[in-house]
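Beneath this line is the structure, given in structure tokens, with notes to follow.
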Number of protein chains: 2
Amino acid sequence: MTSKPNVRQPSHVACRDCSLSSLCLPLALSIKDIDQLDHIIKRGRPLKKGEHLFLEGDPFTSVFAVRSGAIKTYTATNEGEEQITGFYLPSEILGLSGMDTDTYPVSAQAMETTMICEIPFEQLETLSDQFPELRRHLMRLMSKRIREDQQMMMLLSKKNADERIATFLINLASRFRRRGFSSQSFRLSMSRNEMGNYLGLAVETVSRVFTRFQKNGLISAVGKEIEIRNSVELCALAGGKTLEPNPIATSA
Amino acid sequence: MTSKPNVRQPSHVACRDCSLSSLCLPLALSIKDIDQLDHIIKRGRPLKKGEHLFLEGDPFTSVFAVRSGAIKTYTATNEGEEQITGFYLPSEILGLSGMDTDTYPVSAQAMETTMICEIPFEQLETLSDQFPELRRHLMRLMSKRIREDQQMMMLLSKKNADERIATFLINLASRFRRRGFSSQSFRLSMSRNEMGNYLGLAVETVSRVFTRFQKNGLISAVGKEIEIRNSVELCALAGGKTLEPNPIATSA
DNA sequence: CGCTGGCTTGATCCTTCTCAAGGGCAGTGG
DNA sequence: CCACTGCCCTTGAGAAGGATCAAGCCAGCG
């Protein structure tokens with residue numbers, strides 16, 4: 001059993017020593033296999049807030065694991081606005097959607113100082129030729145992603161503003177918890193604007209819902225610091241599940 | 001070069017003789033490999049309209065290729081309503097989203113008389129252990145699906161009713177074309193209701209948009225028969241691309 | 001100290017939903 | 001063959017949830 005993950009990690013821990021390892025890629029690999037994976041992973045490259053990991057249209061070369069910090073992916077709408085497609089927290093994998101094209105279909109940008117593990121895809125493929133378990137794990141990752149995206153579509157096509165934001169908060173909470181952090185209080189890495197963009201809502205709506213949630217004692221929010229004060233109610237709004245409903249995250 | 005696909009096929013054509021083979025799974029396999037895949041595929045089972053291929057919660061055993069007809073997948077919202085998550089036309093693969101769970105996360109129902117190829121997943125996995133190409137193809141399928149879902153999320157969070165329906169029609173058109181059918185005129189396999197459900201719109205809105213599109217000479221619609229009369233304009237509404245924007249379908 | 005960017009709040013507008021009703025087509029049974 | 005009965009589609013009128021527009025506020029920062 002490893003200890004709780006830390007936000008900040010030394011730059012070059014090996015996979016086998018990384019406290020996120022049980023959450024990240026190598027989940028399914030034996031220790032020996034992990035060492036192999038370890039060799040192909042490029043570390044370092046701490047990104048400052050606003051820096052890009054890759055741009056839409058860049059040649060697809062690698063998938064990435066967030067080690068600390070937070071990344072958003074986005075694409076341009078036809079009118080040239082930004083459409084955020086996902087937020088990635090430590091131990092989460094991004095870049096998979098480029099796999100069947102030769103370029104990334106989205107851009108990835110750091111929302112705060114962020115450490116990344118880069119996994120060159122070609123070598124990952126070679127390695128996964130050797131280890132069926134790694135392969136299956138990759139498949140599962142993608143399949144999970146598909147299910148989560150479908151949850152997101154449901155949110156976008158059927159839920160109102162309150163429900164969307166409740167769902168989003170509960171989802172974040174469960175992802176934090178999974179990483180060993182408090183699911184009761186945490187810090188949002190994205191602005192209200194980005195949240196609204198992602199959820200298909202105007203900033204003003206996000207703000208109003210936050211205000212209302214606070215009036216009703218569901219949460220308290222000071223800037224980006226969030227505390228969930230009534231998770232039962234919030235989960236109900238989010239639509240059922242006692243915790244952990246939506247995209248990207250968790251699930252056993 | 002095979003001839004154009006037919007809607008109705010004899011019940012037990014081998015994969016190598018199936019006119020959809022270039023569109024369906026075995027794309028990447030050599031002839032010899034196709035024969036192996038051929039052995040594990042279960043055919044037959046023509047579904048009548050309304051019959052289910054599998055239900056949400058059923059144990060996950062297989063992925064399926066539509067041979068003729070049309071399938072919709074759906075799940076239940078928290079309020080118990082139906083939420084349609086996808087429409088599948090001949091040569092398209094469904095069931096992949098169950099891959100990392102032991103049960104299907106959605107139900108799949110025939111919208112008209114439908115022929116299906118069933119591919120038991122366990123055997124597919126074994127086979128894909130042998131053939132890296134098959135494996136990569138599966139990966140690509142899932143990765144494509146992820147990108148298409150993201151297009152769909154964009155549609156749901158940013159597009160208005162007109163744009164959604166234009167996008168949907170253009171998408172269908174390009175899928176039909178890819179199968180060798182006319183992309184100018186085709187028959188919808190879904191009702192206005194189902195379309196609205198999928199696109200996050202009320203039936204009435206769908207109906208009104210159809211009426212307006214006809215007044216403006218964009219399309220003509222008689223019942224489920226659709227003719228695209230001004231594809232340039234329609235594509236523009238759908239947001240750019242000369243053809244083939246959205247979910248599930250095509251792309252090179 | 002003044003600026004800038006992000007957040008909040010208020011007022012108004014607009015798109016789409018909802019409710020209600022009517023028409024058409026298809027399948028069923030007399 | 002025709003009437004009946006659903007279901008689907010269309011159209012209209014009204015309601016509502018968010019978007020948009022417009023200020024003002026607050027905190028961090030040069």
Side-chain angles (χ1 to χ4, degrees), chain A residues 48-50 70 72 77 79 81-84 109 111-113 155-169 187-216 218-226 237, chain B residues 48-50 70 72 77 79 81-84 109 111-113 154-169 187-216 219-226 237:
Chain A
K48 285 201 284 272
K49 175 172 176 164
K72 71 173 174 185
T77 66
E79 294 77 40
E81 298 154 40
E82 164 176 309
Q83 165 67 47
I84 295 175
Q109 187 179 25
M111 296 191 294
E112 51 192 76
T113 303
L155 175 144
L156 290 170
S157 77
K158 291 275 184 296
K159 293 185 177 177
N160 64 24
D162 285 19
E163 292 164 344
R164 290 184 198 194
I165 290 181
T167 305
F168 183 72
L169 291 176
R187 183 168 201 287
L188 298 173
S189 42
M190 70 292 295
S191 69
R192 305 282 193 271
N193 213 320
E194 290 168 324
M195 199 185 309
N197 181 304
Y198 178 63
L199 295 174
L201 298 170
V203 206
E204 295 92 329
T205 305
V206 174
S207 187
R208 280 184 249 270
V209 172
F210 266 66
T211 305
R212 189 153 5 100
F213 278 6
Q214 289 189 81
K215 273 187 189 137
N216 300 342
L218 294 185
I219 64 171
S220 86
V222 183
K224 292 190 161 52
E225 293 296 334
I226 301 291
L237 253 183
Chain B
K48 284 200 285 271
K49 176 173 177 163
K72 71 172 174 185
T77 66
E79 295 77 41
E81 299 154 40
E82 165 177 308
Q83 165 67 48
I84 295 176
Q109 188 179 26
M111 295 192 293
E112 51 192 76
T113 303
M154 191 123 117
L155 175 145
L156 290 170
S157 77
K158 290 276 183 297
K159 294 185 177 178
N160 64 24
D162 285 19
E163 293 165 342
R164 290 184 199 193
I165 290 181
T167 305
F168 183 72
L169 291 176
R187 184 170 202 287
L188 299 173
S189 42
M190 70 292 296
S191 69
R192 305 284 193 270
N193 214 320
E194 290 168 324
M195 200 185 308
N197 182 303
Y198 178 64
L199 294 173
L201 298 170
V203 206
E204 296 92 328
T205 304
V206 176
S207 187
R208 281 185 249 268
V209 172
F210 266 65
T211 305
R212 187 151 9 98
F213 278 8
Q214 290 189 78
K215 274 187 190 137
N216 300 341
I219 63 170
S220 87
V222 183
K224 293 191 160 50
E225 294 297 334
I226 301 290
L237 253 183

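Convention: sequence-line order gives letters A, B, ...; per-chain numbering from 1. We use all heavy atoms of the structure for the numbers below, so side chains are in, but hydrogens, waters and symmetry mates are not.
If you check D:dT10, C:dT9, C:dT18 against the side chain of B:A202, the one that comes closest is C:dT18. Nearest nucleotide to the side chain of A:N160, out of D:dG18, D:dT10, C:dT9: D:dG18. Side chain of A:A161, nearest nucleotide from C:dT8, D:dT11, D:dG18: D:dG18. Residue B:L201 has its side chain nearest to C:dC17 when only C:dT8, C:dC17, D:dG17 are considered.
Rounding to the nearest 0.5 Å places CE of A:M111 at 9.5 Å from CG of A:L188.
OP1 or OP2 of D:dC7 has not a single side-chain nitrogen or oxygen of B:S191 nearer than 4.0 Å. In this structure, A:K224 reaches the C:dC7 phosphate: one of its side-chain N or O atoms is under 4.0 Å from OP1 or OP2. When the side-chain nitrogen and oxygen atoms of A:T205 are compared with OP1 and OP2 of D:dA19, one or more of them lie within a distance under 4.0 Å.
For B:E194 against D:dC8, no side-chain N or O and base N or O form a donor-acceptor pair under 3.5 Å. Residue side chain A:R208 does not reach the base of D:dG17 through any donor-acceptor N/O pair under 3.5 Å, judged by distance alone.
Without hydrogens or angle criteria, B:R192 side chain to B:G223 main chain gives a donor-acceptor distance under 3.5 Å.
A:R164 pairs with exactly one of A:L156, A:T205, A:L237 by the side chain to side chain contact (heavy atoms under 4.5 Å, CB included) rule, that one being A:L156.
When heavy atoms are screened at a 4.0 angstrom cut-off, A:G200 is found touching the sugar-phosphate backbone but no base atom.
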